[in-house]
Every structure is written in structure tokens, then in C-alpha cells.
Protein chains: 2
Amino acid sequence: MNRSASIKDVANHASVAVGTVSNVLNYPDRVSQRTKDRVLKAIDELGFVRNDAARQLRAGHSRTIGLIVLDVGNPFFTSVVRAAEDAAALNGSAVLLGDSGHDAAREANYIDLFQEQRVQGLLISPVGDVTERLDLLRERGVPTVLVDRLADEAKFSSVAVDDDAGGYLAARHLLDTGRRRLAFVGGPTSIRQVADRLQGAQRAVKEEPDATLEVLESQGQTVLAGRSVGDSLVERGGGGLPDGIFCANDLLALGVMQSLTMTHTVRIPEDVALIGYDDIDFAVSAVVPLSSIRQPTEALGRTAIDLLSEEVESQSPTHRSVVFTPELVVRQSTGTSSAG
Amino acid sequence: MNRSASIKDVANHASVAVGTVSNVLNYPDRVSQRTKDRVLKAIDELGFVRNDAARQLRAGHSRTIGLIVLDVGNPFFTSVVRAAEDAAALNGSAVLLGDSGHDAAREANYIDLFQEQRVQGLLISPVGDVTERLDLLRERGVPTVLVDRLADEAKFSSVAVDDDAGGYLAARHLLDTGRRRLAFVGGPTSIRQVADRLQGAQRAVKEEPDATLEVLESQGQTVLAGRSVGDSLVERGGGGLPDGIFCANDLLALGVMQSLTMTHTVRIPEDVALIGYDDIDFAVSAVVPLSSIRQPTEALGRTAIDLLSEEVESQSPTHRSVVFTPELVVRQSTGTSSAG
DNA sequence: TCGTAACAATGAAACGATTCAAAGAATTGC
DNA sequence: GCAATTCTTTGAATCGTTTCATTGTTACGA
């Protein structure tokens, strides 16, 4: 198991100085064709591969960007990640991906790891309220862009979707189709997105004097969590059910849908209208195609990288917040037909 | 923007030698309590964070493992990735994730990137036939484990699921429920998994003299690709339809299902039985809950890391292949009721 | 009090790339 | 043919950590 060739080995093999090899790699124009050929041949013969650690040590920073998301399994984030990777690649950077799983400890681990790696900057969708940790990053001069979270512009740049507006859109739609006893499913409400969507929904409900909004807190944001909320609703039986349900994301909505439709006593949308959030690919292929709120995920990922590049390049610490507006997607799960 | 503190700064600030600071970090037992306290205080005051590039340069290798998957958006891989990350974390390693998107060029980019990073090893779900590139890795002594792909044991370790067996399971199930005019949806067939699943299905069909298997090649493995195949089936109209469809993955199956059920002329499973592959979370919440073939994704990810650790630790280049057996999951989409 | 052992702390060398001032070679103009 | 200029090449210094042989310190038994 021979340790891999270094630039020095290449230099010896080609009978040139190490600086020349470096120039071949970084400033090919400075080197004569003859020498270049010899060096390239040596590189090929020795199977030389640049050692990025050494480069990075010299350069003082890496060519990677850290991205910490709340849940890679969530298609919303998968889509953001993809867009961010593509955008970063255009700048010649690579993305290191971390999945905090809504867990502050895992998040902290990744932050530490990425700092040790001297990433150029950090895109993060933070867990709950982690201002202290983020302030620390700021002090250390690690450019950071918050993703899917509005930030104090004095401190950070951020990209976000207006969750309040999205919540309003969803609830307003339910109200517009004649629903009055609404329920909101989501949790924990310590998650900002959940809280904002709820707030927007409440804003809409207040516009209709005879409408009510019940909050059903879920254990997480998964299909399973939704199913468990749905099961508890089913136990209530017919009369106690809401007639319109707004779920904080599509996974929850799909879970709720499973519970309600499995017992063949509740009909969607006749008895209960259901709307989710995110408009993931699967919304359209649910038992009853799911109405949802669509977020511009590609724009989110791309813009996040752009804002980070701005911060990295400009020395002056000016921050920008970009807020995208979500969009209502109507499908069968909120169909108006209450008379079957 | 002050460059971050180095170990030397810490040493000065605490009035000790650099070696002592290093010892505090790596061998706390070698340092007296008094000194340790002073050093830790200095670290805290200066906000010192280890520079991983320097560590790595000295050590000769990183503490990261490269993982290249064919498609992060695919829940099958998402699940494998998650398991691999968790398993790696137990060994104190981190996973660098790359998404080749079935594109050989992107795959090559990631391989190069990870080599420059001097990853401890590589887990890869290779695109098509890339033996040359992989042979190169082998020559360079980069321990590599193939994921979801059987390998020549003389050359690589690998973890895989027996796709031929899975294809057989799926087709055999369709035949057992009385279907005879089967169709296979998947593509491109240059993807090994697709080819193997098809082969297994063909094996099952040969066991029934009156059964036929038609191959419908799709453009990729997405819901959209499935929908497009489904649309072309719908155009055929009633008589020309197969009575049992086996899709190379669940996304395709969901797409096919969308097409078939949108026109309210074809009933699943009465007219056409449908089975997918992977048993993703959404299979159960489809318009008609989808039968599928379940792969042990967690075991796959975990085992891949274990095999890699074996290779890294043992100097002798012995390889192992672990093959998992998939499992049939029966749901409504292949229900036996042909009489409604 | 001295010798020995155990324990702490030191600091130079090494890892592999990049940089840059300086030296050397080739080319040009006169 | 020579000086001036441009083009190539050189190699030592540097980045921040870990390692390890060495030195310094303390404690203990004789």
C-alpha cells in the first residue's frame, strides 16, 4: 500500500522543481510547452492526485460550503439541496451536506465539523432557537445564510418563504370552499415554520366570524405522525370532526389522509377537506390528490448560494433577506362538492 | 475580519508550548490539571477551532468517507444514506455525499473531488459500467465498497440486494393472483438493477406456459416517466392492456397508477394489477395502496460502512460481498378480486 | 542527600501544496 | 555582439497541526 504520490515525487520524476509542477497545475500559461508535457506525463505515470488538505492549509480556506438541513428525507429539503449543489458547482464549490434531524445536538456537531473544515460559508436551516450558536458563527466570521427562516437583517442574510402568507392562503381556501370548523395539524410549534403557518391560518379564520380553528399538535412532521393524529380524529367519530384540515406539511397530510380513508366512514373532501404544504411530488398521487401550498424550492436553494457568495466576496457585512411567496395548488382533496 | 486563532496563538496566550496544546486536545491524560485548565481557558477566550486541513495533512488521510449515490431524490437512496451516516458517526467519521444523477461525468467529478479530499474510502453506487474508473481507484489504494451492485469479489467488496430474486418475487406474485399478460416498466435497461429485475421477472414468467411478458422501456425512473408510459398504455384502450404490471421502482408505479386511474376507465386491481419496487413510504398512501418489493435499506447502508471499515483496518486486500434478500409486500394494488 | 523513576512540558521536524523573489535562459533591437 | 527585455524555472518559506526525542520537574526509597 504505497502512499500516494506528492508534488515532489512528480517534480523528481519529471526533473523539474516543485514550483514548476505547481505552475503547471495552476498557471499553465507560465510554463513552456515542453516542460508542461513532461510534467503532465509524470503526473499521469505516477497517478498523482492533488492533496486538498495541503492546498487548503496554504489557502486558509476550503472550496466547500456547509449545508445543514432539518431532514434530508423531506422532499422539500431534497429539492433545496439539489438546487444548492448545482448553483455551488457553477462557482467551483462543493457542498457538504449535514442532516440535523431537528436535533440541536446533531446540528451543533455539524456546525463544529464544518468549522473545522473551514468551509467558505454555511447555509443552515436552524433547529428551534439557536441564536447563541449562530452569533458565535458570526463572531468567528463564518458567512452564514439562514434557509427557510427569516433573519434579523442586521445579523444574517436569509432566504425564506413567507409561511404566514402560505398559512393564510391555505386557510382562506378552506374557508372559500365553505368550511367553517377548521383544524390545524403540525408540531412541535416551537418550529418557526409551523408557528408561522398556524398564525397565517388564524389570521384568515378571524376574517370569518362564524369560523373556528382547532390546533392539533403532532409529534413531528412525518407520515407516521400524521397518521397518529388522524387516528385520534377517527376515534372522535362523525360529529366531532372538523370539516377542513390544514396540515403544516404534505407528509402529515398524507398520514392524516391514510387514517381517515382507511376507515371507510369519512369521505375526503365531502366530509373533510384536506390541504397540505410543500406540494411534494407525491401530493398528486395520494389516495385523493392533495391540495397544497407550493414553495419555490429551486429558487430557494439557488438564491441561498448567491447570497452566500455575496457575503464571501464583499468584505462589508451587509445582509439581505429574500422572501418568496408561496402558491396555492388546488386538487381534489379540497373539492367544493359537499353534496357528493 | 481577523483570521481565526491557531494552536500557536493558544500556546502564546496560555504561555505553554504548542505541543502541550496539542496534547490537551489529543491526549488530555498526559497533561497536568493546572496546565489543562489554563489551555482550555485560552481556547475558549480565543474561540480556537482546530484546522482540519492541517490535521489531515499531518495524518495523511481524512476522517471522512465519500458516498456517491445515483439520485438523492430517490427515497431508496435517502434511506441508505441516512443509515450510512449514522453508522459512520459511530466510527467517528463523517460522510461526504455526492449525487451523480445517473450521469457518468458528475460521478467522475465526485470521484476526483473525494480523492483530492483523501477520503478514507468510497461507497459508490456506480453509473453503468465504469470498471476502468473503479480499477483506477483500486490501483490508487482507495478502499471502495460498491453499493446496490454485485462485484467481482476479487476486486471489491459490495453490498447489494438480489434484484433478480426481487423481480422473480414480483412477477411470481402477479402470476399467483391469476394474471397472465404481464408488462415490465423500467429503463434504461443499461441500469443493472433494471436489467436484473427484468431477468427475474422473465424467469418467473417462463414457469407458466400461457403467460407473456411485455417490456415497456421508460425514460428514467421517475413519477413523470411512469406517467408517460401509463399515458401510452391508456391510448391503447381496453383490450390491448396487460393485466399485470411490474414497475422497476415505486416512483414509476405511482406514475403509471396516476395515468391509469385519471381516466376512469381502468380499475386497479380489477382490470390491471400493479406492483412496484422499493416500498417507499408513499407506496402505502397511493390512490390504490401499492404492492411492492421491500429492500433492507438500513442494513444496506450500515453494512456498507462496516465492510469499508474492514477494508480500511485490515491491510490484506480481501473483499466480501453481502447480498440481502428482498421481501414481498402485498397491498391493494394487486388484490385478487377480479370480479369486483 | 542522592539516584531513580515517573511524570510534564518543550520545540523542531514533518506533512504537501502554493507563493514569490530571484536567478537563469531566450529573444529582441540596435 | 551586447544590453535590455521578456519568458521560464527555481527553491526556500509558509500555512497549522501532530509527533517524538529531549529536557525539565517532582516524588520516593535508600
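All of these numbers come straight from a predicted model, not from anything done at the bench. Sequence lines set the chain letters: A, B, ... in the order given, protein chains first and strands last, and positions in each chain run from 1.
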In whole Å, what is the span from the [atom1] atom of [X] to the [atom2] atom of [N]?
| X | N | atom1 | atom2 | answer |
| --- | --- | --- | --- | --- |
| A/Lys8 | C/dA17 | NZ | P | 10 Å |
| B/Asp9 | D/dG16 | CG | P | 8 Å |
| A/Leu57 | C/dC15 | CG | C1' | 9 Å |
| A/Ile7 | D/dG11 | CD1 | P | 14 Å |
| A/Leu25 | D/dT9 | CG | P | 14 Å |
| A/Arg63 | C/dA17 | CZ | P | 13 Å |
| A/Asn51 | D/dT17 | CG | C1' | 14 Å |
| A/Asn12 | C/dG16 | CG | P | 13 Å |

Between [X] and [Y], does at least one N-O distance fall below 4.0 Å, as a salt bridge requires?
| X | Y | answer |
| --- | --- | --- |
| B/Asp112 | B/Arg133 | no |
| A/Asp163 | A/Arg192 | no |
| B/Asp135 | B/Arg138 | yes |
| A/Arg106 | B/Asp86 | yes |
| B/Glu298 | B/Arg302 | no |

Are any protein N/O atoms closer than 3.5 Å to N/O atoms in nucleotides 7-11 of chain C? If there are, list each pair with its distance.
{"unit_1": "C/dA9", "atom_1": "OP1", "unit_2": "B/Ser32", "atom_2": "OG", "d": "3.0"}
{"unit_1": "C/dA9", "atom_1": "OP1", "unit_2": "B/Thr35", "atom_2": "OG1", "d": "2.1"}
{"unit_1": "C/dA9", "atom_1": "OP2", "unit_2": "B/Ser32", "atom_2": "N", "d": "3.0"}
{"unit_1": "C/dA9", "atom_1": "OP2", "unit_2": "B/Thr35", "atom_2": "OG1", "d": "3.4"}
{"unit_1": "C/dT10", "atom_1": "OP2", "unit_2": "B/Ala17", "atom_2": "N", "d": "2.8"}
{"unit_1": "C/dT10", "atom_1": "OP2", "unit_2": "B/Thr20", "atom_2": "OG1", "d": "2.7"}

Test item: side-chain donor near acceptor, A/Ser157 and A/Glu311, under 3.5 Å: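 Indeed, the side chains of A/Ser157 and A/Glu311 share at least one donor-acceptor pair under 3.5 Å.
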Exercise: do A/Arg140 and A/Gln115 side chains pair donor with acceptor under 3.5 Å: yes
Sugar-phosphate only, base, or nothing, as touched by B/Asn26 at under 4.0 Å among non-hydrogen atoms: sugar-phosphate
Toward the 5' end of DNA chain C, by each residue's nearest nucleotide, B/Arg58 or B/Arg118: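 Checking each residue's closest nucleotide, the 5'-ward one belongs to B/Arg58.
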Phosphate contact (C/dT18 OP1 or OP2) by A/Tyr27 side-chain N/O below 4.0 Å: no
Phosphate OP1/OP2 of D/dC15: any A/Arg55 side-chain N/O under 4.0 Å: no
